[in-house]
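Chain letters run A, B, ... following the sequence lines, proteins first and then strands; every chain starts at 1. These values consider heavy atoms only, across backbone and side chains, with no hydrogens, waters or symmetry-generated copies.
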Number of protein chains: 2
Amino acid sequence: MSERVTMRDVAAIAGVSSATVSKVINERPDVGAEVRARVLETIARLGYRPNAVARGLRARHTDTIAILTDDLEGIFTNALMRGVEDAASAYDVSVLLANSYGDPEKERRHLRRLLDRQVDGLIIMSGNRVRPRSGPALPLPGTPYVFLYEYGAAEPVPSILPDDRSGAELAARHLIGIGRRRIAFLNGPASWDATRERLDGFTATIREAGLPLEPGLVQHASSWSPEDGFALATAMLTGPEPPDAIFCGSDDLATGAMAAVLERGLTIPGDVAVIGFDDRSLAVHQRPPLSTVALPLHEMGKVAGGLLLAAIQGEPQRHEIIRVSCELRIRASTIGPDGA
Amino acid sequence: MSERVTMRDVAAIAGVSSATVSKVINERPDVGAEVRARVLETIARLGYRPNAVARGLRARHTDTIAILTDDLEGIFTNALMRGVEDAASAYDVSVLLANSYGDPEKERRHLRRLLDRQVDGLIIMSGNRVRPRSGPALPLPGTPYVFLYEYGAAEPVPSILPDDRSGAELAARHLIGIGRRRIAFLNGPASWDATRERLDGFTATIREAGLPLEPGLVQHASSWSPEDGFALATAMLTGPEPPDAIFCGSDDLATGAMAAVLERGLTIPGDVAVIGFDDRSLAVHQRPPLSTVALPLHEMGKVAGGLLLAAIQGEPQRHEIIRVSCELRIRASTIGPDGA
DNA sequence: CTGAAAGCGCTTACAG
DNA sequence: CTGAAAGCGCTTACAG
C-alpha cells in the first residue's frame, strides 16, 4: 500500500509547477519542448497516473456514460451493450451498468445514483421488446440521453431501432429471388411495433412482384415462441394451397415452423423455404441451418453510443427515429442441397 | 441549465456549517435533533443531491466496482453480470463494464482506465469458458479483485465457479431414481475443467449405485455443439447394448442427442431419457422440453459481488475456489407422458 | 512559455 | 453538539 504518486510529486521532481504537468498530460500546445520531455520522462519514471476522480470534479465531466436497462437478461441485451461499450471505449469513455428490472422505483433509484455520480450521459435501453416509453423516471437536467431499442413518445431525443421494414423487404425479395410464388408471412404478435413495420415491408414487396397476398398467407402469432410457429405453420400447410415459402417474424417461430414442415413429410427448402428474423445463435444450429434477417444489434449499440457522445460534446438533440439496416443471412433453409 | 445546488447552499440556507450538513447526510450520530431536522428539511426543499465525485475524491473510495470481461457476448455473461449488479446495487455500489475481447492489450488499457477512475474493486469474468488465467494484465496495487467463472493459477484471491461435480451427481441420481440402468454420459470436450469435474461426479454416482460403466457409455464430444451431440448419440444408439438414458454435458449437445434418438424411431423418455447441462433458454423449448442441470449463474454473480464488497471493506482475501451448487430442472425429456 | 492562486464539492480531524 | 480549517488531486483563468 505505497503512497500513490500524485501530480505534485511529478511537478516537484521534474522541477515545474503542477499546472505545467497538467498541460502536458492534457496535450496543451503551450508547453516548451524540453519541459514537456522532462515532464513526460518523470511521469514514465514514477509510473504516474492521473486521478480521474479529481479531474472529474474540477473539469466537470467524468467521461462516463451509463446504460440503464429494464432487462439485463433480454436476449438482445448483450450485443446492444457491446456496441455501446465499443463506441465508448474508442473515446476513453467508461460505461456504467444499471438494471431496473422494469421497476419504476428501482429505475428512479438508479437514475439518482447515476446522476449523483455525474455521468455525462445515459443510454436507456430495452433488451427485450421495443416499445414507446414515457421517458426516464426522473428528469435529467442537462444530462443528455438516447433511447436504444426503445422509443420515447415525445422526448426530444433520438431513438435507435432496427429497420424492420426493410428487413422484411430483404426476406421477401430473397424468397422471390429463389423462385417462390406463394410466400407466407408468419408474423409476430400484432401489438408489436416491429410486427407492423415488417408487415408493411412484406406487403409492399409481394405486391410489387405481383404475387398473391391472400389473407391465409399472412398470420399473426400470439407469441414469438417455437410452439406458436409450429401451430400456425401446421395450419398453413394443411390448407388447400400451402405456401412454398414461410417468412417468420423470429428465429424461434421459424424453428417451430420448420418442425411443422418436416413433420408433414415435406422438405426444406425443396418444398417449403423457411426464413427467420433476429439471427440468434440457435439459427445456425437448426437442421437445416436457418436463413434469417439479422437484427443489427451491435451496430445499433455503436450508433447509440456515438450519438450520445456527440450530444455530450454539445451537438443538439431532437426527437428522431434512427433505423439501422438489417442484414440477410442466407443458409440452407432457403438455398439448400435439396433446394432450387 | 440552472446552477446545481451544493452543500454550501444547503448550509447557508439552513444556517449551519457544511461540516454539519455532511454529518447529517452521512448519518453521523453527533448532530442535534433539531439541527438535523432543519438540515434535512432544507435538503428536501432545495432538492439537494450530494456530488459523488467530490465525495469520492475526499473519502478515497468511489463505491464503484468494475466487471472486466473478455467476452461480453458469452452465453453466460448476462446472468453472471446480473448477479453482480444485484449484489452491488443492494449496497449502492455502481458497476462499470469493460470488455477486452480477450485481447491482453485491450485488457491493459481498460485496467488502467478503471484504476485511474479509482474503482474500489474488480470482478474478472469470463462469459464463455472456465479456465485458469494468469491474473490481470496489470498489477492492481491495493485494489481487491475476484475471479468469476474463471480462476487464477496462484492469485491470492477467490474464484467463483459452478459446482460441476455435484451437478453431474444430481443428473446421475435423477436418472437412477427414475429407474434407468444403462446410463450414458455424453460429456463435453476433455480439455475443459468442467468436463473432468463432471466425469468424477458421474462416475462416483454410477459406481455407488452398482450400475455398469462400460467405456462405450462414456464419451467425450470434441465440441459443445448439437452436431456433435447428434453424431455421438447416434453412435451410442447403434451399439449392441444402447443406453436407456443419456446425460449430456450441455443443452446444445442434448439437443443433438434428442434428434438422434427420435431419428432412430425411439421415444423420449420412454426408450431413452435425455438430460442436459446449463439450462439455456432453448432447453424449455425443445420437444420434449429438456430436463437439465442449471448452472447457478445469477447466484455465482451475487456471490462474487458479495465477496468483492467484503474484501473492499477490509476482509482479507486468499486463494480459494468457491463452488456454487447447480440445480436440477426436471422436464418432460426424463419424466414425460410416455415416461416411466 | 511558465507558475501562483483559486477552486471544483465534499469529508475529516480537531478545537471549542 | 457545532464549526473553522485544511485538504483530497486535479484544471482553469490569469499574470508575468
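- Between the CZ atom of B:Arg8 and the C1' atom of C:dA6 there is a distance of 12 Å, given to the nearest Å.
- The CZ atom of A:Arg55 sits 16 Å away from the C1' atom of D:dC8 (whole-angstrom rounding).
- When distances are taken from the side chain of A:Met7 to each of C:dT11, D:dC10, D:dT12, the shortest belongs to D:dC10.
- The distance between atom CD of B:Glu27 and atom P of C:dT11, rounded to the nearest whole Å, is 12 Å.
- In the set C:dT2, D:dC8, C:dA5, C:dA5 carries the atom at the smallest distance from any side-chain atom of A:Ala19.
- Using a 4.5 Å heavy-atom cutoff, the side chains of A:Val21 and A:Val16 are in contact.
- Between B:Ala33 and B:Leu57, the one whose closest nucleotide on DNA chain D sits nearer the 5' end is B:Ala33.
- Nucleic acid contact class of A:Val16 (heavy atoms, under 4.0 Å, all strands): sugar-phosphate only.
- Heavy atoms of A:Asp30 sit under 4.0 angstrom from at least one base atom.
- Between B:Thr64 and A:Arg117, some side-chain heavy-atom pair lies under the 4.5 Å cut-off.
- There is a side-chain donor-acceptor pair under 3.5 Å between A:His110 and B:Ser89.
- Taking 4.5 Å as the limit, every side-chain heavy atom of B:Glu150 sits out of range of all side-chain heavy atoms of B:Ser159.
- The shortest distance between the side-chain N/O atoms of A:Arg28 and the OP1/OP2 oxygens of D:dT12 is below 4.0 Å.
- With respect to A:Tyr149, the side chain to side chain contact (heavy atoms under 4.5 Å, CB included) criterion is satisfied by exactly one of A:Leu295, A:Asp71, A:Ile123, A:Ile124: A:Leu295.
- Close to D:dC10, at under 4.0 Å from its OP1 or OP2, lies no side-chain N or O of A:Ser22.
- In this structure, the side chains of A:Tyr101 and A:Glu107 stay at 4.5 Å or more apart for every pair of heavy atoms.
- You'll find that the side chain of B:Tyr48 is closest to C:dC10, out of C:dC10, D:dT11, C:dG9.
- Minimum atom distance to the side chain of A:Ser17 is reached by C:dA4, of the listed D:dG9, C:dA4, C:dC10.
- When heavy atoms are screened at a 4.0 angstrom cut-off, B:Val35 is found touching the sugar-phosphate backbone but no base atom.
- Side-chain contact check for B:Asp92 versus A:Arg109: every heavy-atom pair is 4.5 Å or farther apart.
- Counting any heavy atom pair closer than 4.0 Å across all strands shown, A:Arg36 reaches no nucleic acid atom.
- Put simply, NE2 on A:His61 is 17 Å from P on C:dC8, counting in whole angstrom units.
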According to the Watson-Crick and G-U wobble definition with distances under 3.5 Å, which dot-bracket string, read 5' to 3', encodes DNA chain C, using [ ] for crossing pairs and | for pairs with another strand?
|||.||||||||.|||

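- Atom CD of A:Glu34 and atom C1' of C:dC1 are 10 Å apart (whole Å).
- A donor-acceptor pair is defined here as one N or O able to donate and one able to accept, closer than 3.5 Å; no such pair exists between the side chain of A:Thr69 and the backbone of A:Asn99.
- Comparing C:dG9, C:dT11, D:dC10 against the side chain of B:Asn26 picks out C:dT11 as the nearest.
- Contact between the side-chain N/O atoms of B:Arg60 and the OP1/OP2 oxygens of D:dG9 is found at a separation under 4.0 Å.
- Summarising the geometry, the separation between CZ on A:Arg58 and C1' on D:dG7 is reported as 15 Å, rounded to the nearest angstrom.
- Of the two residues near DNA chain D, B:Lys23 and A:Ser18, the one whose nearest nucleotide lies more 5' is B:Lys23.
- Taking the six-membered ring where the residue is Trp, the centroids of A:Phe147 and A:Tyr145 are separated by under 6.0 Å.
- Residue contacts for B:Arg49: at a heavy-atom cut-off of 4.0 Å it reaches the sugar-phosphate backbone alone, with no base atom in range.
- We find that CD1 of B:Ile25 is positioned 12 Å from P of C:dT12, with the value rounded to whole Å.
- Residue contacts shown for A:Thr6 are limited to sugar-phosphate atoms, with no base heavy atom under 4.0 Å away.
- To the nearest angstrom, C1' of D:dG7 lies 14 Å from CG of A:Asn51.
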